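Excluded from the calculations below are hydrogen atoms, water molecules and symmetry mates; all remaining heavy atoms, backbone and side chain alike, are included. Being a predicted model, the structure only gives us computed values, none of them experimental. Letters A, B, ... are given to chains in the order of the sequence lines, protein chains preceding strands, and every chain is numbered from 1.
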Number of protein chains: 2
Amino acid sequence: MDRRQMKTREAIFDAFSALLSQKNYNKITVGEIIDLANIGRSTFYAHFETKDHLLQELCRTLFEHVFSDALDHELTHDFSLSNSNAHDLIAHTFYHLREDHQNILRILNCESSGTFLNFFKEDFTQHFSPLLSQLFLEKTIAVPKDFLMEHVNATFIHTVLWWIREDLKTSPETLADYYLKVLGIA
Amino acid sequence: MDRRQMKTREAIFDAFSALLSQKNYNKITVGEIIDLANIGRSTFYAHFETKDHLLQELCRTLFEHVFSDALDHELTHDFSLSNSNAHDLIAHTFYHLREDHQNILRILNCESSGTFLNFFKEDFTQHFSPLLSQLFLEKTIAVPKDFLMEHVNATFIHTVLWWIREDLKTSPETLADYYLKVLGIA
DNA sequence: TCGTTACAAAACATTGTGTTAGATATTATT
DNA sequence: AATAATATCTAACACAATGTTTTGTAACGA
C-alpha cells in the first residue's frame with residue numbers, strides 16, 4: 001500500500017479519535033477532522049465514503065483482534081471450559097484491553113460510547129457468549145437461553161464500562177472475579 | 001395554557017415519535033417533523049430550541065411517572081422490602097410499562113435507543129437501585145457496592161430490551177422472575 | 001369587542017455534506 | 001534518471017438542513 005495512503009489514513013484516525021475524546025460523535029464535522037488531520041477535503045472523501053463509514057472502519061480495526069486474540073491464546077491449551085479456565089480467559093481479555101488497546105478504552109468511555117458498544121457487543125457475542133452460556137447451562141437456571149446469553153453479554157459490557165470509569169484501578173484478575181461473581185459463577 | 005400551544009405541542013410530539021419508530025434519531029430532520037406535524041417552521045422553533053431539546057422533553061414527559069408511580073403504589077403498604085415484595089414491585093413496573101406507556105416501549109426499541117436509555121437509566125437508578133442493592137447486601141456478595149448497583153441497573157435495562165424484542169410475549173410476573181433469577185435473588 | 005398571542009408563509013444567512021476540476025507532489029516502475 | 005501512475009491539495013461547486021426574521025392572519029382570553 002502506498003505510504004501516502006497509510007499516512008493520511010493514520011492522520012484521519014488519529015484526528016477522529018482525538019475529537020471523539022472531546023465531543024459527541026454526532027457533533028463532530030468532517031471539516032474538523034480534516035483540519036486536525038491537516039488534509040484536503042477531497043482526500044478525506046477519497047478514503048471514506050461518509051463519516052459513518054469512518055466510524056465503522058475505526059471500530060472494526062480496533063476491536064478486530066481483542067477478543068479473538070484472547071481466545072486463541074487461551075483455548076490453545078484446553079478446549080473444554082472449566083470455571084477456572086473461564087476466569088483466566090476473562091482476566092486475559094481484560095489484560096489485553098488494558099495493555100495493548102488504550103485507544104479502545106478511551107473511545108468506549110467517550111460521549112458516543114453507545115455507538116461503539118454496538119460493535120463491541122457484536123464481537124463479544126460472537127466470541128464469548130456461547131462459551132459462557134455453556135457454563136451457565138450446567139447450572140440449569142430457569143430462564144430462557146437467549147435471555148441468559150444477552151445477560152452475560154450486557155454484564156460484560158457493563159463491567160468494562162465500570163472499570164474504565166474507575167480509571168482501571170482494579171486488577172484484571174479481580175475484575176474477572178467481580179464479573180463471574182455477579183453472574184453467579186464463582 | 002393556550003389551546004393552540006397544546007395542540008401544536010401534541011402534534012410535534014406525535015410526529016416526532018412516529019418518525020422515531022421508523023428511522024434513527026440522527027437521520028430525522030426538522031423539516032420532516034414539521035411536515036408530518038403540519039405546522040410552520042417558525043412555530044417549531046417557537047416551541048423547541050433545537051431537535052435535541054425536543055428529544056429531551058419527550059423523554060422527560062414519558063419517563064417521568066413510570067417508576068415513581070410504581071414505587072408509590074407499592075411502597076404505600078410496606079416500606080421494608082422483602083424478596084417477594086421486590087418481585088411484586090418489579091412485576092408492577094413491567095405492567096405499568098406495558099399497559100400505560102406503549103410509546104415508551106416503542107421508542108426504547110427504536111434505532112436511537114441508546115439516546116433514550118440514558119434518560120431511562122437515570123430514572124431507574126434514582127428510584128430502584130437503592131432498594132435492590134439493599135436486598136443484595138444482605139447476601140454479602142464480595143463485589144464493590146457501586147459495581148453491584150450498576151449491575152442491577154444494567155440488568156434491568158437489558159431485561160426490558162429483551163422483553164420488547166420478544167414482543168412482550170412474556171408476562172410481567174415471569175419477566176420479574178427472570179430478572180431476579182439472573183440477579184441471584186430468587 | 002379589543003388587545004394579546006400563536007401561527008403560517010416565505011425569504012434569508014449560515015453551516016455542513018459530498019462532488020468535481022485542474023494543478024502539484026510523491027510513489028513505483030523501467 | 002526518466003516516466004507513468006496516483007495520491008494529494010486548493011478551490012469552487014451544488015445541495016440539504018439549520019435556525020432566524022419578517023409580515024400578515026387567525027385564534028384566544030378578558
Side-chain angles (χ1 to χ4, degrees), chain A residues 1-61 107 110-112 114-116 118-119, chain B residues 1-61 107 110-112 114-116 118-119:
Chain A
M1 194 191 212
D2 201 311
R3 283 186 218 130
R4 292 170 293 179
Q5 284 188 50
M6 291 182 56
K7 221 173 69 179
T8 60
R9 196 182 160 86
E10 270 303 300
I12 291 175
F13 276 149
D14 286 350
F16 185 47
S17 56
L19 287 169
L20 278 169
S21 65
Q22 293 173 6
K23 59 202 296 189
N24 193 290
Y25 168 73
N26 305 311
K27 304 297 180 191
I28 296 174
T29 68
V30 177
E32 289 174 308
I33 298 174
I34 67 180
D35 280 355
L36 194 57
N38 206 32
I39 59 167
R41 181 165 198 78
S42 53
T43 306
F44 176 89
Y45 285 104
H47 279 258
F48 301 99
E49 208 172 328
T50 66
K51 211 180 63 182
D52 285 351
H53 287 67
L54 168 58
L55 173 64
Q56 200 171 333
E57 286 222 30
L58 178 63
C59 288
R60 211 173 47 74
T61 57
I107 285 176
C110 79
E111 291 184 56
S112 324
T115 315
F116 297 99
N118 292 330
F119 294 97
Chain B
M1 195 191 212
D2 200 312
R3 281 183 222 137
R4 292 170 293 179
Q5 282 189 51
M6 293 182 56
K7 220 173 68 179
T8 60
R9 195 181 160 87
E10 270 304 300
I12 291 175
F13 276 148
D14 287 350
F16 185 48
S17 57
L19 287 169
L20 278 169
S21 66
Q22 292 173 6
K23 59 201 296 188
N24 192 291
Y25 168 73
N26 305 312
K27 305 296 181 192
I28 296 174
T29 66
V30 177
E32 290 173 308
I33 298 173
I34 68 181
D35 279 355
L36 195 56
N38 207 31
I39 58 168
R41 182 163 199 79
S42 52
T43 306
F44 176 90
Y45 285 105
H47 279 259
F48 302 100
E49 207 171 330
T50 68
K51 212 180 62 183
D52 286 351
H53 286 68
L54 167 60
L55 173 64
Q56 198 170 337
E57 287 222 28
L58 178 63
C59 288
R60 211 174 46 73
T61 56
I107 286 177
C110 77
E111 291 184 56
S112 325
T115 315
F116 297 101
N118 292 331
F119 295 97

Distance-only donor-acceptor test, B:Ser42 side-chain atoms vs C:dA9 base atoms, 3.5 Å | yes

Using only heavy-atom distances, decide whether a donor-acceptor pair under 3.5 angstrom links the side-chain of A:Arg4 to the base of C:dT27.
-> no

[X] [atom1] - [N] [atom2] separation (whole Å):
X	N	atom1	atom2	result
A:Asn38	D:dT8	CG	C1'	12 Å
A:His53	C:dG18	NE2	P	10 Å
B:Lys51	C:dG16	NZ	C1'	13 Å
A:Lys27	C:dT17	NZ	P	12 Å
A:Phe48	D:dA7	CZ	P	14 Å
A:Phe44	C:dT17	CZ	P	9 Å

Tell me whether the OP1 or OP2 atom of [N] has a side-chain N or O from [X] closer than 4.0 Å.
X	N	value
A:Thr8	D:dA7	no
A:His47	D:dA7	no
A:Tyr45	C:dT19	no
B:Arg3	D:dG29	yes
B:Thr43	C:dA8	yes

Nearest-nucleotide wise, let me know which of B:Asp2 and B:Arg41 is further upstream toward the 5' end of DNA chain D.
-> B:Arg41

Closest non-hydrogen atom pair between A:Ala37 and A:Ala11, with its separation | CB-O, 3.6 Å

How are the rings of B:Phe48 and B:Phe13 set relative to one another: parallel (under 30°), tilted (30 to 60°) or perpendicular (over 60°)?
-> tilted

Answer yes or no: is there a donor N or O on one side and an acceptor on the other, between the side chain of A:Gln5 and the main chain of A:Asp2, under 3.5 Å?
-> no

